[in-house]
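Worksheet: the structure to be examined is printed underneath.
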2 protein chains.
Amino acid sequence: MPVTNGKVIFKSIPKGYPEPGKTVVYDDSEKIDLESVPIPDGGFLVKTLYLSVDPYMRGRMREPDVKSYAPPFIVGQPIDGYGVGVVLKSKSSEFKQGAHVYGTFKHQNYIVFHNRSDLIVLDNKQKLPWSYYVGAAGMPGKTAYMAWKEYSSAKKGETVFVSGGAGPVGSFVIQFAKMDGCKVIASAGSDEKVEFMKSIGADVAFNYKTSNTLDVLNKHGPIDIYWDNVGGPTLEAALEAANVNARFIECGMISGYNTGGAPIKNIMHVIAKSISMFGFIVMRLEHKYDDQFYKEVPELIASGKLKVREEVWEGLQSVGDAILAVQKGTNKAKAVVHVADE
Amino acid sequence: MPVTNGKVIFKSIPKGYPEPGKTVVYDDSEKIDLESVPIPDGGFLVKTLYLSVDPYMRGRMREPDVKSYAPPFIVGQPIDGYGVGVVLKSKSSEFKQGAHVYGTFKHQNYIVFHNRSDLIVLDNKQKLPWSYYVGAAGMPGKTAYMAWKEYSSAKKGETVFVSGGAGPVGSFVIQFAKMDGCKVIASAGSDEKVEFMKSIGADVAFNYKTSNTLDVLNKHGPIDIYWDNVGGPTLEAALEAANVNARFIECGMISGYNTGGAPIKNIMHVIAKSISMFGFIVMRLEHKYDDQFYKEVPELIASGKLKVREEVWEGLQSVGDAILAVQKGTNKAKAVVHVADE
């Protein structure tokens, strides 16, 4: 008996912030018969359980001829992103019925994969909630873990500044920096987030909307490592307050994603202070660190040594709202969309 | 019999470009008796032969309470910089009479060093002109050689863009990049400099005053390595034309030294293209590469494999003019001041 195969369609390229219903729209016009849907040899049918909504998705909402690291969303097609699902039917020896899989999912209820694509099978020995595998144990967790290992050169006693410290990436960076014996200064955009950052170990946590970032950094710096999730004036302040030989890990610049991004002052400090600045995207680090990540991080989460929080939106219909919340920073924690139970 | 010990005094902190006679002034009021001048134990008397005038000196003409990598010049005191001289009298076992020395020199005719300071003795087996030891075989040459080795990760066939390519640093970078099998795009501010850059191997050389930098880079790029001597709009164009995983070696930003420096657009590309950006100052690399540099580079110069050119100003009286020329880029090549013969 056919069931609805709901989808989140990319409807139009936003000028500023993405608007639910205008930028993306929920479409329930397609039906799928889970019994008779054709599965190609080597392919398999997946039911989507959780989808991730992340800041970088804004960069995909662009004209298709503009090049960037992640491919553009195509108007009229479903958007895609990291997801976790369960295999319902399979003609693959690797992705067997009942297996849970992680990777890039179209935002729809059911997906027929024709090959392994970029998917991996999750064993989840620790019985973590499946949603964690698109957050702390997924791309955002990998981003924090892998780039911290690759670029921070953290030494005990150094001072680290993390912007966007309450998010899934930033909150992990705070905790990894504390494990490495660093002093951590962290910023976020609400008092509630400030409390959370303190609860996970930040030595100094402040609300950048009510405190002057440069004043805080001058008081508690200079900064040896800056983990940048936001760009803009916060990056300018970090350059100003940087120590000699500082490392800047450029993870995101969400302050500019919806406005184009203002030019950055203080770049001269890169020379004057011998700053190394590392842009990266996590895909380019995965081949090096993926095994290590899955060996260590789910265990650290299960044991409570790495603290995790998430905010769950309900149903594919809510994807547009979740996207906007993440771009505005009004989400409280890692944004996850619960699409279905098994 | 006392002789004049001429000096170049820092007279006032410039607002924009340094003005000869106003920013620095030649002072011939001091006499020195070379026979009777007291030499402390371990000390030695040096006669200055050549002094170097370099872009970074602008950054030292600042309020003394502003921190930066090189100490500020002090109003009323002689300026200093890299120099070569000959030891006239010595109570040092290391710096003997007749030895030629290189290091930081006050801009004056005669200097009594109380200890070894940062000086080294030059053996000059290749009989290069002594002036080369403040240029190609001195700080600018080291800057190019050491940072290219440390940061470029150059691979054969990659495309390198060098701004300020006719200067002492840039012209070396062009030649090192060619030795490593790279394609080189180079810019400078006059047609004469463009011809010089071609003569030392640049595959594409252009005058940024009459060509659009981004157009040239889009045509001949994308860029894998950017050697930045100028900052400003050229840096913005390089970010725009950068390849994925590009390395940006941030050596100088002379376009902003006299104007404060405008904010930089396009920083977002650092993330989108996984760019690594390395600020550095050569002093921090010397311990690692100094031996190798002196073993290789004077030999490469002597054999003609590394081409060198310089522009010589005559006498301490000309230091102010040389400083202004270097800041404006009206010098034709490495600016050297000939202070005296042996």
Side-chain angles (χ1 to χ4, degrees), chain A residues 55-56 58-60 62 66-70 143 147 150-151 222 228-233 235-236 239-257 259-285, chain B residues 55-56 58-60 62 66-70 143 147 150-151 222 228-233 235-236 239-257 259-285:
Chain A
Y56 82 94
R58 180 63 183 82
R60 303 187 61 187
R62 64 178 191 267
V66 177
K67 283 184 203 158
S68 189
Y69 57 97
T143 299
E150 181 77 6
Y151 303 116
D228 190 5
N229 284 315
V230 305
L235 172 56
E236 292 174 344
L239 285 162
E240 183 77 33
N243 205 350
V244 165
N245 292 328
R247 287 80 70 196
F248 276 46
I249 304 174
E250 294 299 324
C251 178
M253 296 193 180
I254 197 167
S255 69
Y257 290 177
T259 58
I264 298 295
K265 289 182 293 192
N266 294 339
I267 287 290
M268 186 59 205
H269 288 299
V270 169
I271 295 178
K273 298 177 179 175
S274 296
I275 295 171
S276 294
M277 195 180 260
F278 301 101
F280 75 98
I281 51 172
V282 67
M283 286 96 95
R284 304 220 176 87
L285 299 174
Chain B
Y56 81 94
R58 179 62 183 84
R60 303 188 60 187
R62 65 178 191 268
V66 177
K67 284 185 202 158
S68 190
Y69 58 97
T143 299
E150 181 78 5
Y151 302 118
D228 190 5
N229 283 316
V230 304
L235 173 55
E236 292 174 344
L239 285 162
E240 182 78 33
N243 205 351
V244 165
N245 292 329
R247 285 80 70 197
F248 276 46
I249 304 174
E250 293 299 324
C251 177
M253 297 194 179
I254 197 166
S255 70
Y257 291 177
T259 57
I264 299 294
K265 290 181 293 192
N266 294 338
I267 287 289
M268 186 60 205
H269 288 301
V270 169
I271 295 179
K273 298 176 179 174
S274 297
I275 295 171
S276 294
M277 193 179 261
F278 301 100
F280 74 99
I281 52 172
V282 67
M283 286 95 94
R284 303 218 177 88
L285 298 174

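Just so we're on the same page: letters track the sequence lines, and every chain starts at 1. Just so we're clear, the structure is a prediction, and the values are computed from it rather than from any experiment.
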Rounded to the nearest 0.5 Å, what's the gap from NZ on A/K273 to CE on A/M268? Could you check?
-> 11.0 Å
Show me the donor-acceptor pairs within less than 3.5 Å that the side chains of residues 247-254 of chain B make with the rest of the protein, sequence neighbours left out.
from: B/R247; atom 1: NE; to: B/S152; atom 2: O; distance (Å): 2.9
from: B/R247; atom 1: NH1; to: B/N245; atom 2: O; distance (Å): 3.1
from: B/R247; atom 1: NH2; to: B/S152; atom 2: O; distance (Å): 3.2
from: B/R247; atom 1: NH2; to: B/S153; atom 2: O; distance (Å): 3.0
from: B/R247; atom 1: NH2; to: B/E158; atom 2: OE1; distance (Å): 2.5
from: B/R247; atom 1: NH2; to: B/E158; atom 2: OE2; distance (Å): 3.2

Residue part contacting chain B, namely of A/I275, when any heavy atom lies under 4.5 Å = backbone
Options B/Y56, B/Y151, B/F280, ranked by heavy-atom pairs under 4.5 Å with chain A, top entry = B/F280
Largest heavy-atom contact set with chain B, pairs under 4.5 Å, which of A/V270, A/D228, A/L235 = A/V270
side-chain contact (heavy atoms from CB on, under 4.5 Å) between A/L239 and A/M277: does it pass, once the steps are laid out?
-> CA-CA 10 Å; A/L239 285 162; A/M277 195 180 260; 4.2 Å; yes
Quick one: CE on A/M283 to OG1 on A/T143, what's the gap to the nearest 0.5 Å?
-> 9.5 Å
